[in-house]
Amino acid sequence: MTTIPAPTMALDIIQSLEQNHQPPLYAKRDIALVRGEGSYLFDTDGKRYLDAMSNYGVAVLGHADPEYAAALADQLATLTTCHQSFYNDMRAAALAAVNEIAPAGLTRSFFSNSGAEAIEAALKFAMAATGKHKIVAAKKGYHGRTLGALSATADPKYRAPFEPLPLPATHTGFNDLEALRAAVDSETAAIILEPVQGEGGIFPADLSYLQGAREIADATGALLIADEIQSGFRTGVPFHITRAGISPDIAVTAKALGNGFPIGLTITTEAISEKIPAGAHGTTFGANPLACRAAITTLHLMKSRGLYENAVCIGDRLMEGIRAIGSPKIRDVRGLGLMIGVEMKERVTPTLRGLQDRGVLALPATPVVFRILPPMIWGDEQVDEFLAALSDVLA
Ligand SMILES: Cc1ncc(COP(=O)(O)O)c(C=O)c1O
């Protein structure tokens, strides 16, 4: 058997191909990442970077994990695609694995291929179950770029070019229960919230806010959708909303679930799923055996390697360490587990640039908040490396 070699390209060739053949949607950093190993990434020159972003929260097991790679290679050599009109062993096993981590009462899972798609499914399920289509979401909330998800997303920067959006949405202040109560009425299909806001600047919801949202939903007949696409797993539990002692009607996650293999998950109750007509939603790639194997493997390894506990312990060390730097440029350090935001008194771009020059990759949330979303395998060595680079940059 011959192996088709992976193309190797110099940085300038990569840059010109991407610049000439992609729409200019992303502000690009000036390096090309071509390889990963554990908590580290490597560019075309072989320069090593500490990964403090795991592709916006995806690579929870780190890069090129041997057990994960072996499981996916095995599945590639067995079966990669299988329509949902047939039963499949990997799909069944993924459903069983998800059932073990789902918030209480959520037993019906729909697998898709991305976060935004998982939100689309949640919104359609809510519409089908309630017969309504108005949604209430949070200011600074982010739910994705497809048109339904964009209706729920707050930032005018993302919305404005595409208005009018399909679903009428009201956005109320995050953690403001009275504003939420005032906005939700008998015409509301769903309240959709991130239990920890990510893109908006890393704001954990007050547990009383989540409990209040549950009560408002119950009182009005609206469904509560928890978007844990970013906050899933890395705060130290599969779904942060469960810390409030409640379950949403629909929980959504994606990013970490496949550790890099694309998969989205929308889970709901038996009662809601009964109201979704057969054929009302679907996807060709969703729930394919390869994606399901990625999710089964990631869920198994996160648990067997103690990564939930590690995320809490390393996250606390990281936050304490950043506060201990005592930089006057830092206004606030907040987060949960390995979902951390650092709010600065100035724009974050020079700090992120300085970190990159020192071999550390972190990411922005807002112009003045940068995020740390590392692989959940970080240990003390990576924390020390990060803190040394950050204190150097801030000095
Ligand atoms: C909370 C939240 N919801 C939805 C999305 C959209 O996910 P995707 O980019 O996979 O479509 C994101 C992505 O950053 C997110 O953070």
Side-chain angles (χ1 to χ4, degrees), residues 25-27 52-60 110-126 135-155 157-159 162 165 167 169 171 174-175 190-205 209-210 213 224-235 237-241 248 250-267 283 285-286 291 294-295 298 335-341 362-366 369-374:
L25 292 171
Y26 292 90
M53 55 191 282
S54 51
N55 182 23
Y56 284 67
V58 172
V60 276
F110 176 81
F111 289 115
S112 52
N113 313 287
S114 68
E117 270 182 84
I119 294 291
E120 295 296 325
L123 295 171
K124 284 180 73 178
F125 292 176
I135 51 179
V136 178
K139 288 182 178 163
K140 297 196 170 125
Y142 182 86
H143 302 285
R145 313 291 187 100
T146 52
L147 292 172
L150 195 55
S151 305
T153 294
D155 194 335
K157 173 177 79 185
Y158 301 131
R159 300 170 58 89
F162 305 104
L165 289 162
L167 300 183
H171 293 91
F174 192 61
N175 277 332
I191 303 170
I192 175 165
L193 299 170
E194 290 162 89
V196 186
Q197 284 193 326
E199 304 294 315
I202 310 290
F203 291 103
Y209 177 65
L210 297 172
L224 179 61
I225 302 174
D227 177 351
E228 302 240 17
I229 287 170
Q230 193 165 143
S231 59
F233 311 100
R234 62 174 48 257
T235 75
V237 288
F239 294 91
H240 173 61
I241 194 168
I250 304 177
V252 184
T253 194
K255 294 182 184 283
L257 183 60
N259 185 49
F261 197 91
I263 183 164
L265 169 67
T266 308
I267 335 175
T283 156
F285 290 128
T298 306
L336 282 167
L338 286 174
M339 184 170 182
I340 297 172
L363 70 158
T366 75
V369 179
F370 73 85
R371 268 178 293 179
I372 311 163
L373 302 175

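Counting starts at 1 for both ligands and their atoms, in listed order.
The closest approach between any non-hydrogen atom of K255 and ligand 1 is below 4.0 Å.
In terms of the side chain to side chain donor-acceptor pair (under 3.5 Å) criterion, T298 has no residue partners (sequence neighbours excluded).
With contacts defined as side-chain heavy-atom distances shorter than 4.5 Å, the pair I119/I229 qualifies.
When each of Q197, E199, K255 is checked for a side chain to side chain donor-acceptor pair (under 3.5 Å) with Q230, only E199 meets the rule. Put simply, the residue from I340, L336, L338 that forms a side chain to side chain contact (heavy atoms under 4.5 Å, CB included) with R234 is L338.
The protein non-hydrogen atom at the shortest distance from atom 16 (O) of ligand 1 is Q230 NE2, 2.8 Å. The closest protein non-hydrogen atom to atom 3 (N) of ligand 1 is D227 OD2, 2.7 Å. The nearest protein atom to atom 7 (O) of ligand 1, hydrogens excluded, is given as G115 CA, 3.4 Å; this is a heavy-atom distance. The protein atom (non-hydrogen) at minimum distance from atom 11 (O) of ligand 1 is A116 N, 2.8 Å. Atom 12 (C) of ligand 1 has its closest protein heavy atom at Y142 CE2, 3.5 Å.
The shortest non-hydrogen separation linking F239 to E228 is C-OE2, 3.5 Å. Closest non-hydrogen pair, Y209 versus L193, comes out as OH-CD2, 3.5 Å.
At a distance under 4.0 Å, no protein heavy atom can be found next to atom 9 (O) of ligand 1.
Applying the salt bridge (Lys or Arg N to Asp or Glu O under 4.0 Å) test to residues at least two apart or on different chains, none of the pairs has a partner in residues 140-152.
For atom 4 (C) of ligand 1, the nearest non-hydrogen atom from the set H143, E117, E120 belongs to H143.
By the criterion of a heavy-atom distance under 4.0 Å, the side chain of E199, and not its backbone, is placed next to ligand 1.
Of all atoms in ligand 1, numbered sequentially from 1 with element shown, those under 4.0 Å from a heavy atom of E194 are 1 (C). Counting atoms of ligand 1 from 1 in the listed order, those under 4.0 Å from a heavy atom of G144 are 4 (C), 6 (C).
Side chain of R371 to main chain of L363: no donor-acceptor pair is present (N/O by atom type, distance under 3.5 Å, no hydrogens or angles).
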